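Remember, it's 1-based here, ligands and their atoms both numbered in the order they're listed. Since we're looking at a predicted model, the values are computed, not measured.
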Amino acid sequence: MTRSSSTQMQPPDAAMPKHIAIIMDGNGRWATRRFLPRFAGHGKGVEAVRGIVEACVKRGVQYLTLFAFSSENWRRPEEEVSLLMRLFVTALEREVGKMHANDIRLKVVGDLSRFDAKLQGMIAEAERKTENNVGLTVTVCANYGGRWDVMQAVRKMMAAGYSASDLQGDDSEEKLARHLAMAYAPEPDLFIRTGGEQRVSNFLLWQLAYSELYFTDTYWPDFDAVELDKAITSFQQRERRFGRTSAQLTQLDHQKKAS
Ligand code: IPE
Ligand code: IPE
Ligand code: MG
């Protein structure tokens, strides 16, 4: 497939996923394959983020959520962890102004208390600067874990005085969801994991309940707009039934068209 075919593959806006969530995996292996140190892969990974943000803006995606550092990634060698932190700082320094100019809203979610004061300050400033932007919302999950997210939601609810009886009604899941770190976004329509592994690695556990899952062997540094379009095309060929039957969906569709 040639690069130019990517625009022809570009699907109509109506079928565009509103929210795409990505586990950006494979930076280390991308580098090792080229006899380069792992950090070279992480550097390339930041470039790939730039390309995918741009592609999502062009395609009218509303939310892009990127897993950048998991609660478990602290287990990596100290040098790799500190390099990732430095990359995060430089990426913020370089990209926030451009993001703001492109009407992008930046959010960073996770347990940020473990980051140093400088990084925490930069994150707060970047979020404040872009908070009123209405284009693409880019969420970077940093020191994030799906289980952490559910736990912090429960803790918030307890602190707010919720009682067991508050959580008995039909709306109780909705009440919990409102306390999740990404309560401002709809659940992901499309989940992508690059790098060949087929697991969730403690990403958005609650919110992935009905997301369409897409796995590719492509390493994150090689994941470009053409690769993104392949994932979107795959998404568009799926039937999202949410527990219903196919026939029910057809009927609902007819009713919607008639009304
Ligand atoms: C993803 O790439 C980036 C982070 C987890 C920070 P990896 O660093 O996990 O790359 P592989 O999986 O070792 O190839
Ligand atoms: C998942 O990748 C986390 C991020 C991409 C930030 P990992 O490389 O850490 O996942 P595992 O260890 O292979 O499950
Ligand atoms: Mg990995």
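Within the structure, ligand 1 has G26 among the residues with a heavy atom less than 4.0 angstrom away. Look at E197 and you'll find every heavy atom at least 4.0 Å from all atoms of ligand 1. In this structure, R76 counts as a contact residue of ligand 2, since one of its heavy atoms falls inside 4.0 Å of the ligand. Heavy-atom separations between R29 and ligand 2 are all 4.0 Å or longer.
With salt bridges taken as basic N to acidic carboxylate O contacts below 4.0 Å, one links E47 and K44. One finds no salt bridge joining E127 and K107 here, because no Lys/Arg side-chain nitrogen approaches an Asp/Glu carboxylate oxygen to under 4.0 Å. Between E79 and R38 no salt bridge is recorded (no basic side-chain N to carboxylate O distance below 4.0 Å). Salt-bridge annotation for R75 and E72: absent, with no side-chain N of the basic residue lying under 4.0 Å from a carboxylate O of the acidic one. Salt-bridge formation is detected for the pair D25/R193: a Lys NZ or Arg NE/NH1/NH2 atom is positioned less than 4.0 Å from an Asp or Glu carboxylate oxygen. Between E95 and R50 there is a salt bridge, since at least one side-chain N of the basic residue sits less than 4.0 Å from a carboxylate O of the acidic one.
Residue contact check: F69 has heavy atoms under 4.0 Å from atoms 6 (C) of ligand 2. Close contacts between ligand 1 and A68 involve ligand atoms 6 (C) [criterion: under 4.0 Å to a heavy atom]. Of all the atoms in ligand 1, the ones that sit under 4.0 Å from a non-hydrogen atom of H42 are 3 (C), 8 (O). Near R199, the atoms of ligand 2 lying under 4.0 angstrom from a non-hydrogen atom of the residue are 11 (P), 13 (O), 14 (O).
Crowding of R33 atom CZ: a count of heavy atoms from other residues, nucleotides or ligands under 6.0 Å not exceeding 12.
Counting protein heavy atoms only, atom 1 (C) of ligand 2 is closest to I23 CG2, 3.8 Å. Of the protein's non-hydrogen atoms, S201 OG, 2.6 Å is the one closest to atom 14 (O) of ligand 2. For atom 9 (O) of ligand 2, the nearest non-hydrogen atom of the protein is N73 ND2, 2.9 Å. From the protein, the heavy atom lying nearest to atom 10 (O) of ligand 1 is G28 N, 2.9 Å. Annotation: atom 2 (O) of ligand 2 to nearest protein heavy atom, R193 NH2, 3.7 Å. Looking only at protein heavy atoms, the nearest one to atom 5 (C) of ligand 2 is M24 O, 3.4 Å.
Heavy atoms only, all atoms of each residue included: G195 and Y219 are closest at CA-CD2, 4.0 Å.
With a heavy-atom cut-off of 4.0 Å, C141 does not touch ligand 2 at all. Residue contacts with ligand 1, taken as heavy atom pairs separated by less than 4.0 Å, do not involve S70 at all. Here T32 has no heavy atoms under 4.0 Å from ligand 1, in either its backbone or its side chain.
At a distance under 4.0 Å, no protein heavy atom can be found next to atom 12 (O) of ligand 2.
With atom 3 (C) of ligand 1 as the reference point, the heavy atom nearest to it among D25, V81, N27 is part of N27.
Note: W220 and F223 have parallel aromatic rings, judged against thresholds of 30 and 60 degrees for the angle between ring planes. Ring geometry for H179 against Y162 counts as perpendicular: the plane angle is over 60°, on a 0 to 90° scale with 30° as the lower cut.
D25 contributes atom OD1 as its closest N/O/S atom to the Mg ion (ligand 3).
Neither I104 nor M182 shares a network with the other; the hydrophobic side chains, linked directly or stepwise wherever heavy atoms of I, L, V, M, F, W or Y lie under 4.5 Å apart, form separate groups for each.
There is no side-chain donor-acceptor pair under 3.5 Å between R147 and S71.
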